[in-house]
Amino acid sequence: MDHYCVMGHPIGHSKSPWIHARFAELTGQSLQYDKQLVPLDGFANAVQQFFAQGGRGCNVTAPFKFEAARLADHTSERAQLAQAANTLSFQDGTLRADNTDGAGLVNDIQGNAGFDLAGRRILLIGAGGASAGVLARLIETQPASITVANRTVEKAQSLVDRHATLGLLQKTELLAQALKGPGADFDVIINATTSSLGGDAVPVPASTLKPGALAYDMMYGPSAQGFMTWAKEHGAQPRDGLGMLVEQAAEAFLIWRGVRPPSQQVLSEMRATLA
Ligand code: ATR
């Protein structure tokens, strides 16, 4: 049986094994998918061992996404732009790195939520791995502009600079801003920070929200709750990152198995289970 896994630290709460098992069941694929807790200094070793033992593919979560992109023999264009990877595959002796987070986010927003991003003004909050992983795919939807706002503004600037050519190509204006003055009345705001994990409030003012704006948190469950409540209180449409989680997994499943799983069904099942 083909063997897959997700590596991270921590990894205990990962829903990826459940999602991939369900994808396999629904598409009639035979595979095993486990979670693996990897020591903070042991990622390269763990990957090498996993593939040496015949592993076929591996998802990568925090804090190893940057290392995963550097480790591979071949890195996809989107993972190169992100400088981060969440999907590793071993094919014909080559370790390949890809990043499906952007596709996951956009498929959830445009496909599942039915919110078209073309021509919109987007505020992307954060400039860490989560934000880097989605910026290229967001630009490809051809929004009017994307403002990347971050506590450390230099990181936002460097992320924007790396995507400048793609922005020009897609006619999307790219801006880097500090959290305090990111601009107002955005059609879409996306929270890609980890601020809620430290118990901190939403890191931008409510003036960033246009009435009816889509307010998306890449987290889900209790970690997204503060942001969702804040968005609702200020007249926005809140959405958590559960759909992104399922959709990024669906993209990885497609890379590995060549089959697109019924992600909307699995998302509905997860929402029902978590409710
Ligand atoms: P991830 O891989 O989940 O993106 P990360 O790379 O550590 O994690 O990035 C965390 C992001 O959340 C960064 O943008 C960080 O801002 P800095 O670059 O200034 O560190 C942001 N962040 C974390 N805690 C925050 C807080 N309390 N307020 C605002 N932004 C915060």
Side-chain angles (χ1 to χ4, degrees), residues 6-16 38 40 43 58-71 75 78-88 97-105 108 122-138 146-163 174-183 186 189-209 215-227 230-231 240-242 244-245 248-249 252:
V6 57
M7 292 186 186
H9 187 123
I11 200 67
H13 292 100
S14 174
K15 304 240 181 301
S16 293
V38 171
L40 289 175
F43 180 68
C58 167
N59 280 135
V60 181
T61 189
F64 302 121
K65 288 184 183 183
F66 299 107
E67 202 177 339
R70 290 195 302 266
L71 201 66
T75 307
R78 55 191 179 178
Q80 277 179 41
L81 271 173
Q83 295 181 353
N86 74 336
T87 304
L88 297 174
D98 204 339
N99 196 319
T100 66
D101 283 338
L105 174 71
D108 187 47
I122 299 177
L123 174 63
L124 179 61
I125 314 162
S131 188
V134 301
L135 183 55
R137 183 66 191 96
L138 280 176
I146 302 177
T147 301
V148 181
N150 197 43
R151 184 172 61 181
T152 316
V153 73
E154 295 78 15
K155 277 169 70 181
Q157 190 63 57
S158 130
L159 192 56
V160 159
D161 290 348
R162 221 155 70 216
H163 289 74
L174 297 180
L175 299 145
Q177 295 287 2
L179 285 179
K180 276 188 186 140
F186 289 93
I189 83 170
I190 300 168
N191 185 20
T193 71
T194 51
S195 72
S196 68
L197 297 181
D200 288 335
V202 176
V204 293
S207 54
T208 52
L209 292 166
Y216 196 101
D217 197 321
M218 287 196 197
M219 299 207 186
Y220 61 90
S223 308
Q225 206 46 59
F227 180 88
W230 170 85
D240 70 13
L242 196 63
M244 176 180 172
L245 176 74
Q248 63 77 30

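Counting starts at 1 for both ligands and their atoms, following the listed order. Residues take their numbers from the sequence shown, with the count starting at 1.
In Ala127, the part holding a heavy atom less than 4.0 Å from any atom of ligand 1 is the backbone. Contacts between Thr152 and ligand 1 below 4.0 angstrom, taking non-hydrogen atoms only, involve backbone and side chain alike.
Interface of Leu179 with ligand 1, defined as ligand atoms under 4.0 Å from a residue heavy atom, comprises 29 (C). Near Gly126, with a cut-off below 4.0 Å to any heavy atom, the atoms of ligand 1 are 14 (O). The contact set between ligand 1 and Ser195, taken as ligand atoms under 4.0 Å from a residue heavy atom, comprises 24 (N), 25 (C), 26 (C), 27 (N), 28 (N).
On a distance-only criterion, Arg151 and ligand 1 share at least one N/O pair closer than 3.5 Å. For a threshold of 3.5 Å applied to N or O pairs, the pair formed by Gly129 and ligand 1 contains at least one separation below that value. Below 3.5 Å of separation, one finds an N or O of Lys155 facing an N or O of ligand 1.
Put simply, atom 28 (N) of ligand 1 has protein non-hydrogen atoms near it, under 4.0 Å away.
Of the candidates Ala62, Gly128, Ala178, Gly128 brings a heavy atom nearest to atom 5 (P) of ligand 1.
Here NZ of Lys65 is found 6.5 Å from CG of Asn99. Values are rounded to the nearest 0.5 Å. In this structure, the separation between CG on Leu175 and OG1 on Thr147 is 4.5 Å, given to the nearest 0.5 Å.
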